[in-house]
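Data block below; observations after.
Chain naming here is simple, since letters A, B, ... match the order of the sequence lines and numbering starts at 1 in each.
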Amino acid sequence: MRKLFFETLLQPPLTEQLPQPDETSLISLAIAIDSAARRRLGRSLSVRAVDAGSCNGCELELHALSNAFYDIERLGIRFVASPRHADVLFVTGPVTKNMREALERTYNATPNPKWVVSIGRCALDGGCFAGSYAVVGGVSEVVPVDLHIPGCPPAPIEILKGLLALLAHTNMEIRVTRTWLADED
Amino acid sequence: MPSLTDLILQGSPVERHRPWPCAVIDQAGWISTATALADGHWILLGLWGEANAVHMALLEESSSNIGIVRLEHIEGSYPSIAHYHPPALRLERAIRDLVGLEALGIPDQRPWLDHGRWGLRSPLGHRSDAQPESTVYEFLPTEGQGLHQIPVGPVHAGIIEPGHFRFTASGETVVRLEERLGYAHKGIEALLVGADLDRAVCIVGRTSGDSTVAYAFAFSRAVESALELEVPPRAIWLRALMAELERLANHLGDIGAICNDAAFALMHAHCGVLRERVLRAADTAFGHRMMRDKIIPGGVTTDLSDAAALILRALITEIRQRFMPLVELYDNTASLQDRTVATGVLKPALARQYGAGGYVGRASGRSFDARRILSYPPYDRLRFEVPVLSEGDVNARIWIRIREVEQSLSLVEQILEQLPNGPVRTAIPENHEPREGSALVEGFRGDILIWLRLTCDGSIDRCHLRDPSWFQWPLLEAVIEGNIVADFPLCNKSFNCSYSGHDL
Ligand code: SF4
């Protein structure tokens, strides 16, 4: 183990060797997310992932966000085990009827202020599962969605871009008011 | 005991069913099949229903023969197979939920996929709006002093699929685990009814995201069998190339993730890098990280350029180089082995009874691998070994994956070397008669069975998808017994069953 460990220490980090995946490079993306997260929250961002009946393709790419290439923890974004610790819910899948209640309960268990990001084509409107007796068809049918990240599944870099967009454009005030109103009725 | 061929010959043959023989049998034949399964003569490959029929796919291991038998003109009920042969239990519960046929004598009457939330019943049979009396699910009762229950899910702590686990524990030790699945049920088989082939392959490829290649591969082979369609050689080889890349990516991810569940993050980090490399190479070569929607009936949608082939070769070289030290690391880390050795032992007899496929079966002495047993092309022209171990613990399931990574690396190289030139796609001929086809393809997790019937206009009349997880999930319940609760994630990850593929 020691050998491997030392070898790794001598290697340059993978995160800096990335090809330019898109017009935005991963690095500038990372810096942007970092400062945006700090500005908005003054701290790190905690994400709770909820699989509302996906095919698990989207989950695989969420996992990839933690590998050495994307390493989102360095940006202060963490996946947390409980919705009670989360600022953001990542929801995947067409929302099956068998998962609807679990999604609602997870949402309700998440403290304010909170954001919901729907991930992947299914989460938008059910995708190729739309119209089935067994799916609700889209996360926004069940909980308010702040941002959708398209793709089937979206590549990790797309998810990072989405997070950036969320941080840059979400107006927390509006969001809080909306939740407050929703709580009233 | 008659051979499988005899059994089929006794029934009335189903015309236009390919590639395996299929026969309609009577109730007596059905019951004798059940007892033969119970006696271990055959392996249950699949069991599924239609409004008035049930189908059963069987494997005779001694001869590598596969056959399908069916009961027709069923009114309401049919004799339960699970009554004799427990591996059929969840399949029969699912048949009742989906098509409404009752298995007479079934040992467990509870629903399985139907949680009482669909707003209808028997979606694939004679649909009705009748609502279930209650949506409360009765878990198995537990009695005894000092037992406590731990409910987990459907929303889990990690980023994983939804499912519910009910542990009954005595102190730290698990006395019983009961799974409740169906949360990811999307109604896939009902969506397939009436779908044209384009739409169908798109849906089938989203049955279990990690096996998108294997599912599209199996579906396309089933369609091509039904239509007696020859696929261009280059397409055949490209399909296997994608299938092996998929296997590589998943196995690499799993090896790291299992070690991570034993709190050994270093393996996870390194394996994660290798997995990402495979996905990126796949993206460059085929235009999608998971190679989704690349295999279709008639061939493949993307050809491999020479430049991409070079990238794949470089990928193999790199993984070879980097994987070996990781295997050494695993082998030499006593603290890690302490968690994996003798944990979650699956006994070979149980693996055989359930016909467990993939690394779950092969780590417990069952050597079945569809690529080898059926030798579907191009595997008939490729050299590879099927690793088998008999310890059946988490450690063995890791080692099977390690050996399979090595085999897949070699397979990718061989494929790149022998890749024939030519077109990669052929047109689907017009169809004017109902036809049936089936296929069994080895995904990374195990063998995927697909059966389908095409209508006169070439669209799907009925299609059944059987994920390997159907025969692995129940074994996880058996394996965890007597282990400590903290070892569950480790055992679960070493099985890595599909929720979505199972729930459909
Ligand atoms: S968007 Fe695609 S990858 Fe994600 S869950 Fe749906 S089908 Fe799977």
- Turns out that what part of B:Leu191 lies under 4.5 Å from chain A's heavy atoms comes down to side chain
- Message: Which atoms of A:Thr106 are under 4.5 Å from chain B, going by heavy atoms: the side chain, the backbone, both sets, or neither?
- Response: side chain
- When heavy-atom pairs shorter than 4.5 Å are enumerated against chain B, which of A:Glu61, A:Arg100, A:Arg105 gives the highest number? A:Glu61
- Engaged part of A:Val95 at the chain B interface, taking heavy atoms whose separation is under 4.5 Å: neither
- So, B:Asn250 versus B:Asp210: side-chain donor-acceptor pair below 3.5 Å or not? no
- Given that the side chain runs from C-beta out, which part of B:Arg292 has a heavy atom under 4.5 Å from chain A: side chain, backbone, both or neither? side chain
- Item | Interface moiety of A:Tyr133 toward chain B, non-hydrogen atoms closer than 4.5 Å | both
- Run the salt-bridge test on B:Arg247 and B:Asp254 with the 4.0 Å N-O cut-off and return the result as yes or no. no
- Query: If only atom types and distance count, is the side chain of A:Asp125 paired as donor or acceptor with the main-chain N or O of A:Gly138 below 3.5 Å?
  - Reply: no
- Okay, B:Leu113 and chain A: the region with an atom under 4.5 Å from a heavy atom over there is backbone
- Item | Top of A:Ala49, A:Ala134, A:Ser66 for chain B proximity - count of heavy-atom pairs under 4.5 angstrom | A:Ala134
- Item | Check: B:Trp112 ring centre within less than 6.0 Å of B:His185 ring centre | no
- Message: Using a 6.0 Å cut-off, check whether atom CZ of B:Arg127 has over 12 heavy atoms from anything other than its own residue.
- Response: yes
- Is B:Thr212 close to B:Glu246 at the side-chain level, that is, under 4.5 Å between some pair of heavy atoms? yes
- Backbone of B:Val273 reached by a side-chain donor or acceptor of B:Arg277 within 3.5 Å: no
- Message: Determine whether a donor-acceptor pair (N or O, by modelled atom type, separation under 3.5 Å) exists between the side chain of A:Ser46 and the backbone of A:Asp87.
- Response: no
- Can you tell which part of B:His156 gets under 4.5 Å to a heavy atom of chain A, answering side chain, backbone, both or neither? backbone
- Measure A:Arg48 against the heavy atoms of chain B and call it side chain, backbone, both or neither at under 4.5 Å. side chain
- Item | Best-contacting candidate, A:Pro156, A:Ser82, A:Pro83, A:Cys55, against chain B by heavy atom pairs under 4.5 angstrom | A:Cys55
- Top residue by heavy-atom pair count (under 4.5 Å) with chain A, among B:Ala157, B:Ser500, B:Ala184? B:Ala157
- Message: So B:Ser128 and B:Arg121, do their side chains get closer than 4.5 Å, heavy atoms only?
- Response: yes
- Side chain, backbone, both or neither: which part of A:Pro153 has an atom under 4.5 Å from a heavy atom of chain B? both
- Item | Closest-packed option against chain A by number of heavy-atom pairs under 4.5 Å, given B:Pro325, B:Pro123, B:Ala269, B:Gly272 | B:Pro123
- Query: For A:Ala130, is it the side chain, the backbone, both or neither that has a heavy atom under 4.5 Å from a heavy atom of chain B?
  - Reply: backbone
- Query: Nearest heavy-atom pair of B:Ala265 and B:Asn260: which atoms, and what distance?
  - Reply: CA-OD1, 3.7 Å
- Pairs of heavy atoms under 4.5 Å with chain A: top-ranked of B:His288, B:Glu328, B:Met290: B:Met290
- Contact winner vs chain B - A:Cys58, A:Cys122, A:Ala155, A:Cys152, heavy-atom pairs under 4.5 Å: A:Cys152
- Message: Do B:Tyr499 and A:Asn56 have side chains that approach each other closer than 4.5 Å (heavy atoms only, starting at C-beta)?
- Response: no
